[in-house]
Amino acid sequence: MTKLILLTSDGKRVECPLGQDAVWIGRSRENALPIPDRRASRRHCRVEPRDGAYVLIDDGSANGTLVNGQLAQNRPLEAGDVIQIGATRIFFDRIDEGRTQEIEHFDDGDDESGRGQTDLLRLQRTARALNSELDRSKLFDLILDHAIDIVRAERGFVLLRSDGGGLEFAASRNFAGDAVEGTELDISRSLAHGVLESGEAICAVNALEDERFRDVQSISILGLRSVICVPLREHDDVVGAMYLDNRLQRRAFGPPDLRMLEALADHAAVALRNARLFAETEASRAELLEARERVVALNSRLERIVRGQSLELEELRDAFRTRSSLDTKYDYTEIFGRSPAILETLRLLDRVVDSDVPVHIQGESGTGKELIARAIHRHGLRKDRPFISENCAALTETLLESELFGYVKGAFTGADRARKGLFELAHTGTLFLDEVGDMSQGMQRKLLRALQEGEVRPVGGVEPVHVDVRIVSASNRDLREMVAKGEFREDLYYRLRVLQISMPPLRERSEDVPLLVSHFLDREARRMGGRPIRLAPGVMDKLIAYYWPGNVRELENECLRMVALSGEIVETDVLSEQIRGHVPQAVAAGPPDEVRDLGALVQQVEVAEIEKALRLFDNNKTKAAEALCISRFALQRKLEKYGIDV
């Protein structure tokens with residue numbers, strides 16, 4: 001009997017007998033074997049008899065037909081072949097039913113003819129069972145159960161080659177149908193290795209007395225009586241072995257048993273190959289589905305990025321136009337900003353640069369005070385002379401004195417040679433003293449003397465050294481308040497603060513955050529030799545809303561973090577926790593016992609965001625509405641509702 005066997009996804013088995021007429025397979029219910037697979041065509045293929053055999057013919061299907069994993073157009077079928085259409089698999093099973101019925105009439109007697117007929121019938125039934133199972137682990141157990149039953153063995157094992165060339169127990173069974181464990185797994189590995197290497201089956205009717213195994217110690221140690229081991233082949237390669245034994249009975253196996261197991265091994269190899277192909281196909285299908293999900297996710301992210309590209313490009317164009325139109329005498333390319341606060345600072349910087357008097361820069365930590373100091377030097381009268389920088393808070397009074405004024409040989413332990421101080425090194429140039437507010441009173445006195453006299457005396461020295469430097473100082477503390485508290489010398493304060501520049505904190509110029517972020521990300525992308533790094537929607541809003549206590553330095557470090565933790569697109573989840581969880585002051589919760597007016601709260605938030613968007617886009621309503629994700633008409637109505645003048 002010849003038939004097609006379809007195993008459905010829910011485990012059901014559908015059999016379709018084959019006769020003299022062609023059997024059509026496809027998605028249409030009009031087919032003799034309909035399959036509910038979206039990748040199947042309505043009339044996908046057919047199986048028809050030809051010259052005593054059956055042939056698979058693809059009927060011009062859209063996605064093709066596979067036989068044993070290979071694309072087939074017109075292919076004869078053999079027992080055990082697997083037909084695959086999309087995710088559906090159909091097995092071709094062919095058994096001589098007439099011969100089977102004839103065999104079943106034979107008595108299961110002891111004569112060789114009766115034994116042969118019975119074994120043949122048993123082997124055919126075993127082949128049917130093996131061809132119907134696609135789970136590899138279940139298939140191993142099924143092979144051993146049938147093998148033990150056929151030859152009446154005590155134990156059975158399926159052994160496979162491991163990657164290192166050793167043996168791997170794929171399955172084990174005993175005559176009761178249970179798995180073998182522990183010390184019961186002891187087998188003659190030498191005998192099994194011999195079968196794997198030679199590819200020849202071995203049957204030992206009395207292993208202890210067999211001359212072939214006289215040097216195999218495991219035979220005598222284990223006390224094996226009867227052993228039979230046959231190779232499992234896939235094409236011409238021996239991939240494993242089927243090992244059965246009986247440790248108590250001699251002559252438990254004979255030549256007929258060996259022939260039966262060799263035939264069973266051939267059927268088992270085909271079944272294992274089919275199971276492997278099925279598993280590989282399923283794995284490939286799972287990988288394709290996973291890849292498809294990744295593509296969908298990437299497309300979604302790309303779509304979001306593309307939506308934000310126009311906004312980002314306009315933002316950068318506006319930044320370029322703003323920087324190009326700055327009404328400043330010098331080009332301060334190293335200072336990024338377009339907010340009114342930073343523009344006012346740059347215009348003041350124009351007037352400071354042209355003078356040669358001391359300048360004091362006041363601002364919180366991380367606002368860019370050293371950038372301003374370098375800009376003063378680069379565009380000033382001393383631009384071709386040295387620029388020396390020192391952080392006064394980083395050194396003790398003794399070390400700072402020797403660092404600024406230098407020392408002579410033998411001035412202190414370890415001074416084995418004279419060394420010039422920073423004042424001498426900066427001669428005719430600029431000396432930048434950062435965090436002067438952290439100087440000790442003694443060091444303030446010595447610095448004041450150097451500024452008054454225009455000369456320094458090295459530590460341990462006698463002769464003063466004349467110096468000509470422009471002093472630019474900076475502090476994150478208010479020196480005026482320190483003078484009032486007696487913490488800073490008033491005379492030194494006036495020496496340093498001839499001209500003063502106040503650096504605005506980043507929270508007072510949030511309009512500059514997008515430009516700074518773009519600069520930092522592009523700089524890191526160029527440094528790493530990669531593509532420009534983009535922000536997913538919502539990320540920039542989080543960055544703008546944050547209050548940045550560490551100012552530009554904190555923003556720069558956050559950008560470095562984003563580059564390190566992201567790919568080409570920065571998502572919100574890589575932001576620091578304090579930025580992700582920051583709640584703008586406008587919507588911060590009030591006292592726990594106070595219930596706030598929702599209408600007033602909504603109005604407060606909307607007014608704040610609308611004003612910020614208009615300020616960011618220079619009162620361009622179209623761009624502001626796009627940034628707020630509302631229509632221009634809706635924005636106009638809100639402007640009228642809240643009385644916002646544009």
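More than 12 heavy-atom neighbours from other residues, nucleotides or ligands sit within 6.0 angstrom of CD on Q636.
Considering only residues two or more places apart in sequence or on other chains, Q452 meets the side-chain contact (heavy atoms from CB on, under 4.5 Å) condition with L448, R495.
Scanning all heavy atoms of the two residues, the minimum distance from L543 to M562 falls at CD1-CE, 4.3 Å. Listed here is the closest heavy atom pair of L371 and E334: CD1-O, 3.9 Å. For the residue pair R470 and V352, the shortest heavy atom distance occurs at NH2-O, 3.1 Å. Across all their heavy atoms, T345 and M503 have their closest contact at CG2-SD, 3.9 Å. Nearest heavy atoms, S566 versus V574: OG-CG2, 3.4 Å. Here the closest non-hydrogen pair linking G337 and I342 is C-CG2, 3.4 Å.
Below 30°, between 30° and 60°, or above 60°: for H427 and H466 the angle between ring planes is above 60°, a perpendicular geometry.
The main-chain N or O of K329 is found under 3.5 Å from a side-chain atom of D350 such that the two form a donor-acceptor pair. Of the possible donor and acceptor atoms, none in the side chain of H377 sits under 3.5 Å from a partner among the backbone N and O of G429. Under a 3.5 Å cut-off, the side chain of Q441 and the backbone N or O of E487 do form a donor-acceptor pair. Side chain of N620 to main chain of T622: a donor-acceptor pair is present (N/O by atom type, distance under 3.5 Å, no hydrogens or angles). For R89 (side chain) and Q84 (main-chain N/O), no donor-acceptor pair under 3.5 Å exists by modelled atom type. A donor-acceptor contact shorter than 3.5 Å is absent between the side chain of D434 and the backbone of E390. Side chain of Q444 to backbone of M439: a donor-acceptor contact under 3.5 angstrom is found. In this structure, the side chain of R27 does not engage the main chain of S41 through any donor-acceptor pair within 3.5 Å. Of the possible donor and acceptor atoms, none in the side chain of R632 sits under 3.5 Å from a partner among the backbone N and O of K621.
Under the 4.5 Å side-chain criterion, counting only non-hydrogen atoms from C-beta, T367 is not in contact with L506.
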Practice task
Please step through side chain to side chain donor-acceptor pair (under 3.5 Å) for the pair T88 and D37, ending with a clear verdict.
Solution key: CA-CA 7 Å; T88 303; D37 195 307; 2.9 Å; yes
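Separation of the H379 and Y332 ring centroids falls under the 6.0 Å cut-off.
Remark: of the listed residues L492, V436, L400, D438, L400 is the sole one forming a side chain to side chain contact (heavy atoms under 4.5 Å, CB included) with M443.
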